[in-house]
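The structure appears right after this line, and notes come after that.
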Amino acid sequence: MAYIDGSALNVVLPTLQKDLRASATDLLWIIDGYLLMLASLIMVSGAIGDKLGRKRVFMAGIALFTVASIACGLAPTSGFLIRARFVQGIGGALMVPGSLALISSLLPLEVQGKSIGTWSAASAIVTAAGPLLGGFLADLGLWRGIFLINVPLGGIALYILWTKIPESRAEPAGAPIDYPGAILATVGLAGITYSFISMSEYGAVTPTIQLSLLVGILSLAGFFWVQTRSPHPMVPLGLFRSRTFLGANLQTLFLYGALNLLSFFLSLNIVQIQGYSPTVAGFAFLPFIIMMMVLSRWAGSLADRIGPRRPLIVGPTISGFSFLWLSFAGLTRTLPEAFLTFLPPIILFGIGMAITVAPLTAAVMTEVPPKFAGTASGVNNAISRTAGVLAIAIIGALAINLFGHQLARLSARLPLAAETRQELLNEANQLAETTVPPDVPADLYPTVELIIKTAFIEMHRVVMIICAALSWLSALIAYFLIESRRNKKRLVDAPARPQTQEFHL
C-alpha cells in the first residue's frame, strides 16, 4: 500500500495537477506532506512497535492509512489532498517498519539476508508496478483509484496479520516513549521542508522563510541533544558505533534522495514535456521492475555469502552512470525514439538498485541486536523518507528556480512585449504546466512552447547530474565505512547505560 501510493502518484501528477489546478508548489507538498510525517514519526513508531507489540502497531498503521486513503481519493481540492496526505503519512509511519521488524525478529540470522531479499523484491515490484497502475488509471481519468485501491488491500492485510502472524515485542510495555524526541524531529523536518518548498514562491529573504529554516535547524540540533540525554531515546545513538550501520544509513540518505528525484521529475518529463500518456510513463519504469524481480533474491544471498561491502560499492556506482545517461535525454519525436532514449538507462538503474537494495537493508538489520529490530528498521526507513523529504524540498526548489532562470534566458531572445514576457515568467512556478500567454503573436506561439520544453529539459539535465553525484557519493561511503565480512561484528546485547548514549563516528 505504502509503496504503490508513493510510486503511482508520481505518474499521475500531471493529470492531478490539471484536475485540481495545483501549482508546482502544491505538487511538492502532495509528495512531501506524506514523506514529512513518515520520516519524522517512523523512528518513534519502530520503537513503539518494539515496546507495545510490532503486530499491534503494524495493524493500527494499516487501519489509519486505509481511512486516510479514502479521504485522499475523495479530495475536492489540492489543499484538502495535502491535508489528507499528512494523515496518510502518520498511518504510514506506524505501518512501514512493521513488516521488516517482524521478519528480523521471527527468523534466524542465517536466513535473514535471503528473506530480506524476498522482502526487498516484493517492495520493489509493487513500487515499480505503481507507475503502470497509475498510468492506466490516469488515462481512464480515474487517478483517485490509486488511493481507493488501498481499501481492499488494507482489509486483506489486516485479516492475514490477525489470523496468521504471532505478536512480537522486545521491551516491557510500560517502558517510556521518547515523545520530546519525536516532537523535535517532526518540528525540525517540517521547518526545513516548509522553508525550501515555499522559498520559490515567497523568496529566500522573507522573514517567515528564514525563521522556519532557523527553527528547523535548531529543532534537529535539539533532537540529537535529547537523544544523548534520554534514558530511553527514540534513536539509540550507540547503534551508530558500528561503522557498517552508520555507513549503510548514510548510503540510504543519498541514494534514496536520488531515487525520489528520479521518480518525481522523470514522470513529469515523459508526460508533460515529451507529450506521451501516463501509461507510457508507467511502462518506462518496467525494466526497473524486471531487474528487481530477477536480481533481488540473488543479491540478498550474495550478501549472505560475501558480505554487503562489495555490492554496496558496485550497485550505486552503476546507478550513478544511469543518472548521467539520463542527463543527456532531450526532446523525442516518436515513441520508439522515446523508448530508445529512456529504457536503456532505466535498465541500468534497475541493475544498480537490484544489486544495492537487499544488501543495504541486510547491512542495517544484521548489525543490531534482535531487541532493536524495530528501532533499526524505523531508523533506516526514516532516513530513506527523510532523503525523499529533503531531496524533493531542496532540489525541487532549486529546480523551480532553475526552470524560471532558463525560461527568462531563452525568452529574452524573442521579440515579446515586456508585459507578455513577465506574464510568461510568472507562470514558471507551474513547471511543465506553464502555458503560453494569450497575447503571444501566432507566429511565435510554437517557439514559446518549444522554449518552455527546452527550459524544463535543461533543468532536468541538472537534476539528473545531481542524482549521479549522490549515487557516487553513496558508493564512496560504502568503500570507506562498510566493513568487509571478515571484519564484520554484530553489536551484542550490552547492559543499557541508564543516563546517556554517546555518538561515535
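Only this structure's heavy atoms are used, side chains among them; waters, hydrogens and symmetry mates stay out.
- Inter-residue side-chain proximity for I70 and L74 is flagged as met; some heavy-atom pair is nearer than 4.5 Å.
- For the residue pair T279 and D139, a side-chain donor N or O sits within less than 3.5 Å of a side-chain acceptor on the partner.
- Sparse packing is recorded around CZ of R21, with 12 or fewer heavy atoms of other residues, nucleotides or ligands lying under 6.0 Å away.
- Side chains of I313 and I482 form no contact here, defined as non-hydrogen atoms less than 4.5 Å apart.
- Using a 4.5 Å heavy-atom cutoff, the side chains of F254 and S471 are not in contact.
- Between F456 and H460, the angle of the ring planes stays under 30°, which puts this pair in the parallel group of the 30/60° scheme.
- Between atom CD1 of residue I457 and atom NZ of residue K453 there is a gap of 9.5 Å, rounded to the nearest 0.5 Å.
- In this structure, Q251 contributes its side chain and L360 its backbone to no donor-acceptor pair below 3.5 Å.
- Listed here is the closest heavy atom pair of G257 and A391: O-CB, 3.5 Å.
- In this pair, F245 and F240 present their aromatic rings perpendicular. The plane angle is above 60°, beyond the 30 to 60° band.
- A heavy-atom distance below 4.5 Å is not found between the side chains of L268 and I273.
- Side-chain contact between R85 and L9: present, with at least one pair of heavy atoms (C-beta onward) separated by less than 4.5 Å.
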Can you check side-chain contact (heavy atoms from CB on, under 4.5 Å) on L27 and I31, steps first, answer last? CA-CA 6 Å; L27 295 184; I31 299 297; 5.9 Å; no
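- Two rings, from F288 and F349, have their centers less than 6.0 Å apart.
- Closest approach of F65 to G92, counting heavy atoms only: CD1-N, 3.6 Å.
- Listed for the T334 side chain is a donor-acceptor partner under 3.5 Å among the backbone atoms of E337.
- For the pair R421 (side chain) and A408 (backbone), a donor-acceptor distance under 3.5 Å is absent.
- Proximity of S267 to L13: side-chain heavy atoms (C-beta onward) are nowhere separated by under 4.5 Å.
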Could you go through the side-chain contact (heavy atoms from CB on, under 4.5 Å) check for L94 and F58 one step at a time? CA-CA 6 Å; L94 295 172; F58 192 14; over 6 Å; no
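- Side-chain atoms of S263 never come within 3.5 Å of backbone atoms of N260 as a donor-acceptor pair (strictly under, hydrogens ignored).
- Note that the CG atom of L324 and the SG atom of C467 stand 11.5 Å from one another [nearest 0.5 Å].
- A 4.5 Å side-chain heavy-atom check between D439 and E423 finds at least one atom pair inside the cut-off.
- In this structure, CD1 in I347 is found 11.5 Å from OG in S322, a value given to the nearest 0.5 Å.
- Note that the CG atom of D26 and the CG atom of L20 stand 9.0 Å from one another [nearest 0.5 Å].
- Taking both residues in full, the closest heavy atoms of P437 and T420 are given as CG-O, 3.8 Å, listed atom of the first, atom of the second, then distance.
- Looking only at side-chain heavy atoms (C-beta outward), T454 and Q406 stay at 4.5 Å or farther from each other.
- Contact detail for G404 and L425: the closest heavy-atom pair is O-CD2, 4.2 Å.
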Can you list the steps and then say if F323 with I465 is a side-chain contact (heavy atoms from CB on, under 4.5 Å)? CA-CA 7 Å; F323 288 123; I465 291 174; over 6 Å; no
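- Under a 3.5 Å cut-off, the side chain of W472 and the backbone N or O of T317 do form a donor-acceptor pair.
- Under the side chain to side chain donor-acceptor pair (under 3.5 Å) test applied with T252, the options T361, N380, T356 reduce to a single match, N380.
- Annotation: Y276, atom OH; neighbour count of heavy atoms from other residues, nucleotides and ligands within 6.0 Å is above 12.
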Hey, mind stepping through Y34 and F86 against ring-ring contact (aromatic ring centres under 6.0 Å, His included) and telling me if it holds? CA-CA 5 Å; Y34 171 78; F86 271 90; 9.9 Å; no
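- Remark: I4 CD1 to L153 CG distance equals 6.0 Å, nearest 0.5 Å.
- For the residue pair P359 and P311, the shortest heavy atom distance occurs at CG-CB, 3.8 Å.
- Proximity of a side-chain donor or acceptor of S319 to a complementary backbone N or O of G315 within less than 3.5 Å is detected.
- Note that OG1 of T341 is 10.0 Å distant from CG of N269, once rounded to the nearest 0.5 Å.
- Closest non-hydrogen pair, S69 versus Q88, comes out as OG-NE2, 2.9 Å.
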Output, in order, the C-alpha distance, side-chain angles, deciding distance and verdict of side-chain contact (heavy atoms from CB on, under 4.5 Å) for V314 and I318. CA-CA 6 Å; V314 173; I318 293 173; 3.8 Å; yes
